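Let me begin by presenting the structure, written as structure tokens, before commenting on it.
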Amino acid sequence: MGFTESEERQALRQAVSELAGKYGHEYYLEKARAGGKTDELWNEAGSLGYLGVSVPEAYGGGGAGIGDLAAVCEEFCAAGTPMLLMVVSPAICATVIARFGTEEQRRTWLPGFADGSVRMAFGITEPDAGSNSHRITTTAARDGEDWILNGRKVFVSGVDEADAVLIVGRTEDARTGKLKPVLFILPTDTPGFEYKEIPMDLVSADKQFGLFLDDVRLPANALVGSEDAALAQLFAGLNPERILGAAFSVGIARYALDKAAAYANDRNVWGAPIGSHQGISHPLAEVKIETELAKLMGQKAAALYDAGDDHGAGEAANMAKYAAAEAATRTVDQAVQTHGGNGLASEYGLGTLLAAARVGRIAPVSREMVLNFVAQHSLGLPKSY
């Protein structure tokens, strides 16, 4: 086992960092505050192959693993340009289609994921289900060769810029009569499909939406892979989601910590930089340690996933997501505190990250559900819910 990234991944990180640095946090905030999109950055990253590093080579991608895609995501966030759709489109949707989609679906969608020309959202959360995916009520019923979908979804990122949504629904098993999960590719221009923005107190270029499916008719080939493999397909997407979520949080923490360290070196009070005082330096050292530990767990999760160990990756991905979200929340808070009043001044680019970092403790799965998972599956404790 090695703890040093390959030269190829280090070179990838450097290249992505340079691209993101060319745009920077001011570009991102300007777009987010104006209600715009980071299309220029996304399109350039796609054309350079960074968004498609984990798409199979046969479909125009880089043929690398989820660990490389996580590195790309982390570097974008560390440069102050956090593109949330990276956690969804190339990580969840492209991975699910690459692993479980039909050959027709792979040929149709993967080349677009590879060059960034395709964006796909992911719809799983529902108003009355929350973290309990077993209570999903979006249903799919056969009508001849077609499927008819009805239901609602909430907190779906980036639908307004997506070509399609990967929808998680349920259908009745003909053998058992029980409902089982199914995944469908739903183009956003399909009749009967509507979405409405959910106002959020976040400064983000990626908006949140509620989805409404009213007798949405989809052809047979909209069903992803096999009806009977849907649960495996679902978790094949959720593990990369958590791994990319961890990378997202680590990147935000790195950005905030870099700003705090620079300020603590430059800000001079009572004849010395404020970073020379342990009241400043020790808290920053603590969050540095926490961030590095979270990053290491994320790399472990990615390595297990890329090795085909879905079970081991599930445990590590949940731990990484938890650790990274906690580290990012603490790091951003400490970076603001290090800056004093300047920490909330727009000029310093930290105040808007307070809410952004905090999101990681809620989504894509709450910290409490991660703790439930670890207690039950890692410690063997009784199920509490």
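Not measured: the values here are computed from a predicted model.
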**Q.** Test side chain to side chain contact (heavy atoms under 4.5 Å, CB included) applied to Glu126 and Leu211, Thr138, Val154, the passing residue
**A.** Thr138
Q: Give a yes or no answer on whether the side chain of Thr171 reaches the backbone of Ala141 with a donor-acceptor pair at less than 3.5 Å.
A: no
Q) Quick one: does Ser366's side chain have a donor or acceptor within less than 3.5 Å of a partner on Met369's backbone? A) yes
Q. Taking everything shown except Gln337 itself, do over 12 heavy atoms lie less than 6.0 Å from its CD?
A. no
**Q.** Asn268: partners by side chain to side chain contact (heavy atoms under 4.5 Å, CB included), with sequence neighbours left out
**A.** Pro273
Q.
Within the 4.5 Å heavy-atom criterion, are Ile148 and Arg142 side-chain neighbours or not?
A. no
**Q.** Donor on one side chain, acceptor on other, Glu40 and Tyr27, under 3.5 Å
**A.** yes
Q. Which distance, rounded to the nearest 0.5 Å, do you find between the CD of Glu18 and the NZ of Lys22?
A. 10.5 Å
Q.
Using the rule that Ile, Leu, Val, Met, Phe, Trp and Tyr join whenever any side-chain heavy atoms are under 4.5 Å apart, tell me whether Val72 and Tyr59 fall into a single cluster.
A. yes
Q) Would you say Val269 and Tyr348 are hydrophobically clustered, going by side-chain heavy atoms of ILVMFWY under 4.5 Å? A) yes
**Q.** Pair Tyr195-Asp160, side-chain donor/acceptor within less than 3.5 Å
**A.** no
Q | Worked verdict on Gln208 versus Glu197 for side-chain contact (heavy atoms from CB on, under 4.5 Å) | A | CA-CA 6 Å; Gln208 299 297 311; Glu197 184 177 346; over 6 Å; no
**Q.** Student check: side-chain heavy atoms of Leu166 and Phe184 closer than 4.5 Å
**A.** no
Q) Do Val336 and Ile274 belong to the same hydrophobic cluster, where Ile, Leu, Val, Met, Phe, Trp and Tyr are linked whenever their side-chain heavy atoms lie under 4.5 Å apart, directly or via other members? A) no
(Q) If the condition is salt bridge (charged side-chain N to carboxylate O under 4.0 Å, His left out), which residues does Asp143 pass it with, not counting sequence neighbours? (A) Arg217
**Q.** Reported NE2-to-CG distance for the pair His377 and Leu379, which is rounded to 0.5 angstrom
**A.** 11.0 Å
(Q) One pair to check against side-chain hydrogen bond (donor to acceptor under 3.5 Å, both in side chains): Asn221 and Glu104. What are the steps and the verdict? (A) CA-CA 8 Å; Asn221 62 6; Glu104 179 190 3; 3.2 Å; yes
(Q) Nearest 0.5 angstrom please: Leu183 CG to Leu223 CG, how far? (A) 8.5 Å
Q: Would you indicate whether Lys259, at its atom NZ, is surrounded by more than 12 heavy atoms from other residues, nucleotides or ligands within a distance under 6.0 Å?
A: yes
Q: Identify whether the distance between the nearest side-chain nitrogen and carboxylate oxygen of Glu292 and Lys288 falls below 4.0 Å.
A: yes
Q: Evaluate whether atom NE2 of His311 has more than 12 neighbouring non-hydrogen atoms of other residues, nucleotides or ligands under 6.0 angstrom away.
A: no
N/O donor to acceptor pairs below 3.5 angstrom from side-chain atoms of residues 76-97, sequence neighbours left out:
| from | atom 1 | to | atom 2 | distance (Å) |
| --- | --- | --- | --- | --- |
| Thr81 | OG1 | Phe76 | O | 2.9 |
| Ser89 | OG | Met120 | N | 3.0 |
| Thr95 | OG1 | Ala91 | O | 2.5 |

Q: Look up atom NZ in Lys207 and atom CG in Leu202, then write down how far apart they are to the nearest 0.5 Å.
A: 9.0 Å
Q. For the atom pair CD1 (Ile280) and NE2 (His339), what is the distance rounded to the nearest 0.5 Å?
A. 10.5 Å
**Q.** Expected output: side-chain Thr188 to main-chain Ala162 donor-acceptor under 3.5 Å
**A.** yes
(Q) Strictly distance-based, threshold 3.5 Å: is any side-chain N or O of Asp306 a donor or acceptor partner for the main-chain N or O of Ile66? (A) yes
Q) If you measure from the Lys or Arg side-chain nitrogens to the Asp or Glu carboxylate oxygens, is any gap between Glu103 and Arg106 under 4.0 Å? A) yes
Q | Working for side-chain hydrogen bond (donor to acceptor under 3.5 Å, both in side chains), residues Gln14 and Gln10 | A | CA-CA 6 Å; Gln14 180 63 33; Gln10 293 180 49; over 6 Å; no
Q.
Quick test of your reading of the model: are Glu241 and Lys321 salt-bridged, counting only N-O distances below 4.0 Å?
A. no
Q) Could you walk me through whether Leu238 and Phe122 pass the side-chain contact (heavy atoms from CB on, under 4.5 Å) check? A) CA-CA 10 Å; Leu238 295 184; Phe122 179 63; 4.1 Å; yes
Q. What distance do Leu284 atom CG and Thr331 atom OG1 have between them, rounded to the nearest 0.5 Å?
A. 8.5 Å
Q) Sub-3.5 Å donor-acceptor pair from the side chain of Thr102 to the main-chain atoms of Gln105, do we have one? A) yes
Q) Would a distance-only check, ignoring hydrogens and angles, find a side-chain to backbone donor-acceptor pair under 3.5 Å from Thr329 to Ala325? A) yes
Q | Check: Arg13 main-chain N/O paired with Ser17 side-chain donor or acceptor under 3.5 Å | A | no
Q: Give the C-alpha distance, both sets of side-chain angles, the deciding distance and a yes or no for side-chain contact (heavy atoms from CB on, under 4.5 Å) between Gln376 and Tyr385.
A: CA-CA 10 Å; Gln376 180 184 348; Tyr385 60 96; 3.8 Å; yes
(Q) I'd like to know if the side chain of Lys153 reaches the main chain of Ile167, judged simply by a donor and an acceptor atom lying under 3.5 Å from each other, with no hydrogens or angles considered. (A) no
Q: For the residue pair Lys295 and Gln299, establish whether any side-chain heavy-atom pair is separated by less than 4.5 Å.
A: yes
Q: Using the side-chain contact (heavy atoms from CB on, under 4.5 Å) rule, take Leu350 and Asn342 through it: C-alpha gap first, then chi angles, then the decisive distance, then the call.
A: CA-CA 9 Å; Leu350 287 172; Asn342 285 334; over 6 Å; no
(Q) I'd like to check Leu213 versus Val216 (side-chain heavy atoms, cut-off strictly below 4.5 Å). Are they in contact? (A) yes
Q: Starting from the C-alpha separation in whole Å, work towards a yes-or-no answer on side-chain hydrogen bond (donor to acceptor under 3.5 Å, both in side chains) for Asp128 and Thr137.
A: CA-CA 9 Å; Asp128 299 319; Thr137 58; over 6 Å; no
Q: Determine, using the 4.5 Å side-chain heavy-atom cutoff (strictly less than), whether Ile243 and Phe248 are members of one ILVMFWY cluster.
A: yes
Q) Is a donor on one side and an acceptor on the other found under 3.5 Å between the side chain of Tyr305 and the backbone of Gly67? A) no
Q) Looking at Asp39 and Arg119, does any basic side-chain N land under 4.0 Å from a carboxylate oxygen? A) yes
Q. Does a donor on one side chain sit under 3.5 Å from an acceptor on the other, for Gln334 and Glu286?
A. no
Q. Tyr50 and Glu44: side-chain donor and acceptor closer than 3.5 Å?
A. no
**Q.** Trp147 vs Leu149 side-chain heavy atoms within contact, under 4.5 Å
**A.** yes
Q) Is any side-chain heavy atom of Val165 less than 4.5 Å from a side-chain heavy atom of Val159? A) yes
Q: Could you check whether the rings of Phe113 and Trp109 sit parallel, tilted or perpendicular, using 30° and 60° as the cut-offs?
A: tilted
(Q) I'd like to know if the side chain of Thr291 reaches the main chain of Val287, judged simply by a donor and an acceptor atom lying under 3.5 Å from each other, with no hydrogens or angles considered. (A) yes
Q: Indicate whether the side chain of Asp310 and that of Asn239 have a donor and an acceptor atom separated by less than 3.5 Å.
A: no
Q) Do Phe155 and Phe209 sit in the same hydrophobic cluster, where Ile, Leu, Val, Met, Phe, Trp and Tyr count as joined when their side-chain heavy atoms come under 4.5 Å apart? A) no
